[in-house]
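Worksheet: one structure, shown below.
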2 protein chains.
Amino acid sequence: MANRKGLKGEMKLEGFLCFALYSANNAMQRVTKAAYKNIGLTYSQYLVMAVLWEGGVQSVNDIGKKLFLESNTLTPLIKKLETLNLLERNRSSKDERKVMVSLTKEGKTLEKESRSHANSVVEKIGLSMKDFKELQSKIVRLREQLVKD
Amino acid sequence: MANRKGLKGEMKLEGFLCFALYSANNAMQRVTKAAYKNIGLTYSQYLVMAVLWEGGVQSVNDIGKKLFLESNTLTPLIKKLETLNLLERNRSSKDERKVMVSLTKEGKTLEKESRSHANSVVEKIGLSMKDFKELQSKIVRLREQLVKD
DNA sequence: ACTCATTGTATCGCATGAGATTTAATCGTT
DNA sequence: AACGATTAAATCTCATGCGATACAATGAGT
């Protein structure tokens, strides 16, 4: 607890990065919500679909590791996508604790449709490729620091 | 719609920054939730309190402008803080559309307590002052871009 | 085989965020 | 003063996230 130049200063500093992230994420959620509404998905739902487009059939836990989410968040989300007929849930026969998630034909088709909407988000962000990648990697490093332990 | 080097690439790129922000924010929420639990506040609740500590008596809308939130989000949040006896809500006599929010003695006292917990978040983030400020300002610029129009 | 810890999902309760709509108060214009 | 437009909050509904917990299936060690 050494090295402090006044608690007040540190408190504000903490507030700034936390709050920047919080408010920027809120803003991003609003933009993505508008963009993906056209294909009938929320951004969270899109993320699950994206993981499936990328990685094919996998368990709830596999999806969770990629999205940093747990079953208490994913189960309702995946069930919602199931009611939209975009994916199927089936217990693994090898390990009946696992629920394997697979895309339906409809779910696979949606990938193509999603691309133009993703583009509109990129345009809204309005950064050069270089700035885009730099910022992305810095935020990823921040996340890695935060999920430690 | 000119200037594209393949939609697939752009889609992934879009995903990276959106997702970085989304997942880093989730991680930050988990950290701040743990930190502020000690004073009985969530991070959103802490933000409202921080605005009041900083700016004194103000309307719901004033708080909303600073936090980029609307009454549909703030009203329940502020009512929750009211039940915790940290603040009071009173209609403005000058303009009865406005609800003025003011701190109780208990709410004012909480500011001091909150500081050490804020410190623990700063430690968890683990960035140098320079990196901290740089990242913060970049994320703020991103937010500004996203809230345009 | 038996017990105990672990793993994978699901459930419950709580707290957010946001869009759409509603209500009341105020403002601007005539 | 009267009217419509605007503004400030609140309400309703929906979709997340997460901590805590429950439950069944599996694995490890005996």
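Chain letters run A, B, ... following the sequence lines, proteins first, then strands; residues in each count from 1.
- Within the structure, the side chain to side chain donor-acceptor pair (under 3.5 Å) test picks out the following pairs touching residues 94-104 of chain A (sequence neighbours left out): D95(A)-R97(A).
- For R91(B), the side-chain contact (heavy atoms from CB on, under 4.5 Å) criterion is met by V99(B), not counting sequence neighbours.
- Through direct or indirect side-chain contacts shorter than 4.5 Å among Ile, Leu, Val, Met, Phe, Trp and Tyr, V140(B) is connected to no other residue.
- When the P atom of dT16(D) is taken as reference, atom CG of N25(A) falls 13 Å away, rounded to whole Å.
- Pairs of residues two or more places apart, or lying in two chains, that qualify as side chain to side chain donor-acceptor pair (under 3.5 Å) and include a residue from residues 66-76 of chain A are Q58(A)-K66(A).
- In terms of modelled atom types and a separation under 3.5 Å, the side chain of Y43(A) and the main chain of F19(B) share a donor-acceptor contact.
- When distances run from any side-chain atom of S59(B) to the nucleotides dA15(D), dC18(D), dA9(D), the shortest one goes to dA9(D).
- Residues from residues 93-104 of chain B lying near DNA chain D, meaning a heavy-atom separation below 4.0 Å, are R97(B), K98(B), V99(B) in numerical order.
- As rounded to whole Å, 14 Å separates atom P of dC14(D) from atom CD of Q45(A).
- Hydrophobic cluster membership of V147(B), counting Ile, Leu, Val, Met, Phe, Trp and Tyr whose side-chain heavy atoms lie under 4.5 Å apart directly or via other members: none, as it forms a cluster of its own.
- Taking atom NZ on K33(A) and atom P on dC14(D), their separation rounds to 13 Å, with Å as the unit.
- Atoms OH (Y36(A)) and P (dT16(D)) sit 14 Å apart, rounded to a whole Å.
- When the side-chain contact (heavy atoms from CB on, under 4.5 Å) test is applied to T83(A), the partners found at least two apart in sequence or on another chain are K80(A).
- Looking at K124(A), its side chain does come within 3.5 Å of a backbone N or O of K148(B) through a donor-acceptor pair.
- A residue-by-residue look at S92(B) and N61(A) shows that N61(A) has its nearest nucleotide of DNA chain C further toward the 5' end.
- A nucleotide of DNA chain C counts as in contact with chain B when one of its atoms lies under 4.0 Å from a heavy atom; the first and last such, 5' to 3', are dA15(C) to dT26(C).
- At a non-hydrogen distance threshold of 4.0 Å, S71(A), N72(A), T75(A), K79(A) from residues 65-84 of chain A come into contact with DNA chain C.
- Scored by the side-chain contact (heavy atoms from CB on, under 4.5 Å) test, K130(A) finds S128(A), E134(A) as partners (sequence neighbours excluded).
- If you take CZ of R91(B) and P of dA8(D), they are 12 Å apart, rounded to a whole angstrom.
- Applying the side-chain contact (heavy atoms from CB on, under 4.5 Å) test to N61(A) and every residue at least two apart in sequence or in another chain returns S59(A).
- Think of V57(A) as one node in a network of Ile, Leu, Val, Met, Phe, Trp and Tyr side chains linked at under 4.5 Å; its network also takes in M100(A).
- Look at CD on Q58(B): it is 14 Å from P on dA8(D), rounded to the nearest Å.
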